[in-house]
Amino acid sequence: MKNNCIPLIGSFRRASSGLNRGIIYGILIMVSAIMTPSLAQAAQAVATVSKNIVAVNEVFQLTIAIDNSVNSNALDLSSLDQNFIYGTPSVSSNTSMINGVVTRNTQWRVAITAKEIGDFTIPSFRIGATTTDPIVITSMKSSTTSSKPLNQPAIRLDAELDKRQFYVGESFRYKVRLRIGEQMSQASLTPPSGDGLEIRQIGDDRQTETVLNGRRYVIILRDYQITPTKPGAIVLNGAAFNGSVIKGGRGFGSRLQVPVSQKTDDITLSIKGKPAGYQGLWIPTEDLHLEQDWQPEGAELKVGEPLTRTISLRIKNAEQSNMPNLTLPYPKTVKVYDEKPVYGNEGEYTVMTLKQVIIPRAEGKLSLPSLAVNWWNTQADKQETSRIEGMELNILPGDNTNNVVLPPVSNSVSTPQDQQTAPVEPQVITKVVIDSGFWPWLTALFATLWLITTILWLKTRFSKQTVAMPGSGQRMVPSTPLAGMKQAAEAKEPIKVHTYYKQWAESNPEHPQQEALHQQVTAMMNAHFGKEPEQWDNKELMALIRSLKSNKPTKKNVSTKNQALAPLVPER
C-alpha cells in the first residue's frame with residue numbers, strides 16, 4: 001500500500017506545479033495584451049484655433065496639444081513669422097490617472113493675429129515624431145477694427161528744437177513729446193546723443209491725457225538740456241522710444257506683445273567758438289538779468305547795525321556749474337558775512353541768489369561797491385554788460401551794544417600792545433622832613449607800596465572777568481568764544497552769536513559739529529536779517545552749543561592780540 005501511495009502523491013505535486021506555471025503565464029499574456037495597444041499607439045499632436053475667420057489685427061488664440069509629456073521648448077513657432085504676429089506662448093502640462101489608466105498631456109496656448117488682409121495658412125508643427133495639420137485663416141477688413149498694421153500702432157514721438165546754430169558753452173532745450181494710445185509693456189525713452197555734447201534731463205516727466213477722434217491718449221513731455229563743448233558741425237542723434245504694445249490677453253492663455261520702436265530725426269548743429277576780443281568770463285546766453293535788493297533801504301545807518309544785500313542772477317538755459325562766482329571788493333570799514341549761494345530754476349532760467357550781511361564798523365561816509373557782469377548775447381551776436389549799482393551811506397555813531405571784545409588769556413609775558421594800553425598808576429611823591437625822624441617815613445613808604453600792590457592785584461583779578469563798556473559801567477564777558485556764543489544765544493543777540501561763532505570756528509576747524517553749528521547760525525541770521533524777517537527760536541542752537549566739547553586752551557604763552565575777538569565797533 002505504501003508503495004502504491006507514494007507515486008500518486010508525487011504525481012499530484014507535479015500536476016499542481018504545472019498548473020501554477022500555467023496560471024502565471026496566462027496572467028502575463030493578458031497584461032501584455034492589455035498594454036500592447038497603448039504601447040503601439042504613437043503620441044498624437046493637434047492644433048486648433050479659436051476662430052477661422054477674423055478681422056485684420058484681431059487677436060485670436062492658437063492652441064497646440066500633444067497627449068504626452070514633452071519639454072516646453074519642443075514647439076518651434078518661427079514658421080508663423082511670415083504672415084502672423086504672435087506673443088509668448090503659455091505652456092501647461094498635466095498627468096492624470098483614471099481607472100488605473102495614466103494619461104499625460106502638454107499644451108501650448110498663444111495669442112496670434114494676421115498681419116494683412118487675405119487667406120493665410122498656419123503651417124503644421126512637428127513635435128517629436130508627430131506633426132499637426134495646417135489651418136487656413138481668412139483675415140478680413142472690419143469697420144470696427146482698424147486696418148492699420150500692428151507694427152504701426154497709435155504711438156507718436158516728436159522733438160522740438162528752436163534753432164540749429166549755437167555757441168560753445170551755450171545751453172539749449174531739447175523738448176520731447178510722446179503720445180501713446182495703446183496698452184504698453186516695458187516702455188522706455190532713450191535720450192538724444194552726440195559727440196561733443198553734454199546732455200542731461202531737466203526735472204521729471206510731465207504727463208497729461210487727451211482725447212483725439214474718440215480715442216484716449218497719454219502724452220508724456222520730457223526736456224533735455226544740451227551744452228556743446230567744441231565748435232564745428234555736430235550731429236545730434238534724436239531721442240528714441242522702445243516698448244511692446246499689448247494685444248488681446250482677455251480670455252486667452254497669453255498676451256500678444258508687439259515690439260514697437262520709434263526715433264526722432266537726427267539734426268546737424270552748427271557750433272560757433274568764442275569770439276575774439278571778448279572780455280570777461282565767457283557766458284553765452286539769450287538773456288541775462290542781474291538784480292539786487294537792500295534791507296533797510298535808507299541812506300543812513302548806525303555803526304553796528306546790519307545791512308542786508310541780496311543779489312539775484314538769472315541766466316536763460318544755463319547750467320548751474322557754469323554760473324559765475326560773484327565777488328565784490330568791500331572797504332575795510334565794514335564786516336561782511338556771505339551766505340552760500342542758493343540755486344534754483346524759474347521756467348527756462350537758472351537763478352543764483354547771493355545774500356550778504358554788511359555791518360559798518362566806523363562812522364562817516366561809506367561807499368558800497370557796484371557789480372558788473374559781462375555776457376555774450378547769442379541772439380544779437382554781441383557782448384553786453386549787466387550792472388547793479390552800489391550804495392552811498394552815512395554811518396552815524398552807534399550805541400556800542402555790539403562792541404564785543406573777548407578778554408585776553410592771562411600769561412606771564414606782556415606784549416608791546418599790553419604795555420601801551422595798560423593803565424598808568426598815579427605816582428606817589430613823598431616828602432622827607434629831616435626833623436620828623438626816619439622810621440615814620442619808612443613806615444609810610446611800606447604802607448604806600450602795600451596799597452599799590454593790593455590795588456594792582458585786585459585790578460588784575462577783576463580784569464579777567466570784566467570788560468569796560470563805554471557808558472555802561474562794567475559788564476561780565478565770558479573768557480572763551482564758546483561761552484560767549486552761549487551767552488549771546490540766550491540773550492538772542494545774533495550779531496554777537498555770529499562773531500563768537502567765527503572765533504570758535506577758527507579755533508576748531510575740524511570739529512565734527514562744525515557744519516551743524518554753521519547751519520544753525522545761518523538760519524538765525526536769515527531770520528533776523530532776511531528780506532522777510534521772522535521769529536527765531538533759540539532752542540535748537542542752545543541745545544547744539546551745550547553738546548559741543550570745548551577745547552581746553554594750551555598752557556603756552558599766546559599773544560593777547562591773537563586771542564581777543566576783534567570788536568565790531570572799533571575802539572577810539
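Just so it is clear, the values below take in all heavy atoms, side chains as well, and ignore hydrogens, waters and symmetry mates.
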State plainly whether the residues Lys272 and Glu170 are in salt-bridge range, i.e. N to O under 4.0 Å.
-> no
inquiry  = Can you tell whether the side chains of Glu305 and Lys335 come within less than 4.0 Å, N to carboxylate O?
reply    = no
Please report, to 0.1 Å, the donor-acceptor pairs under 3.5 Å made by any side chain of residues 320-332, with sequence neighbours excluded.
residue : atom : partner : partner atom : Å
Tyr330  : OH   : Arg309  : NH1          : 3.1
Tyr330  : OH   : Gln356  : OE1          : 2.5

Kindly list each side-chain donor-acceptor pair under 3.5 angstrom involving residues 227-234, sequence neighbours excluded, with atom names and distances?
residue : atom : partner : partner atom : Å
Thr227  : OG1  : Ser171  : OG           : 2.6
Thr229  : OG1  : Gly196  : O            : 3.1
Lys230  : NZ   : Asp195  : OD2          : 3.1

- [ ] Name the orientation class of the two ring planes belonging to Tyr278 and Trp376 (parallel below 30°, tilted from 30 to 60°, perpendicular beyond 60°).
- [x] perpendicular
Exercise. Determine whether the side chains of Tyr167 and Thr285 contain a donor N or O and an acceptor N or O closer than 3.5 Å.
Key: no
Applying side chain to side chain contact (heavy atoms under 4.5 Å, CB included) to Gln186 and not counting sequence neighbours gives none
Residues at least two apart in sequence or cross-chain that pass side chain to side chain contact (heavy atoms under 4.5 Å, CB included) with Asp287, listed by chain then number, are His289, Lys316, Tyr349
Only one of Gln207, Glu209, Arg177 passes side chain to side chain contact (heavy atoms under 4.5 Å, CB included) with Ile219, and that residue is Arg177
_Is the shortest side-chain heavy-atom distance between Met184 and Ile180 below 4.5 Å?_
yes
Sub-4.5 Å side-chain heavy-atom contact between Tyr224 and Leu197: no
With sequence neighbours excluded, what pairs up with [X] under the salt bridge (charged side-chain N to carboxylate O under 4.0 Å, His left out) test?
| X | value |
| --- | --- |
| Asp205 | Arg222 |
| Asp266 | Lys263 |
| Arg156 | Asp158 |
| Glu291 | Arg314 |

Crowding at CD, Glu540 (>12 non-hydrogen neighbours, <6.0 Å) | no
Determine all donor-acceptor pairs shorter than 3.5 Å in which one atom belongs to a side chain in residues 387-394; sequence neighbours excluded.
residue : atom : partner : partner atom : Å
Glu392  : OE1  : Ser367  : OG           : 2.6
Glu392  : OE2  : Ser367  : OG           : 3.0

Hits for side chain to side chain donor-acceptor pair (under 3.5 Å) against Asp81, two or more places apart or cross-chain, chain-then-number order -> Tyr86
The side chain to side chain donor-acceptor pair (under 3.5 Å) partners of Trp375 (sequence neighbours excluded) come to Ser386
Quick note, salt bridge (Lys or Arg N to Asp or Glu O under 4.0 Å) partners involving residues 231-241, not counting sequence neighbours, are none
Exercise for review: Please assess Ser261 against Asn242 for the test side-chain hydrogen bond (donor to acceptor under 3.5 Å, both in side chains), listing each intermediate value before the final yes or no.
Suggested key: CA-CA 5 Å; Ser261 178; Asn242 295 281; 3.0 Å; yes
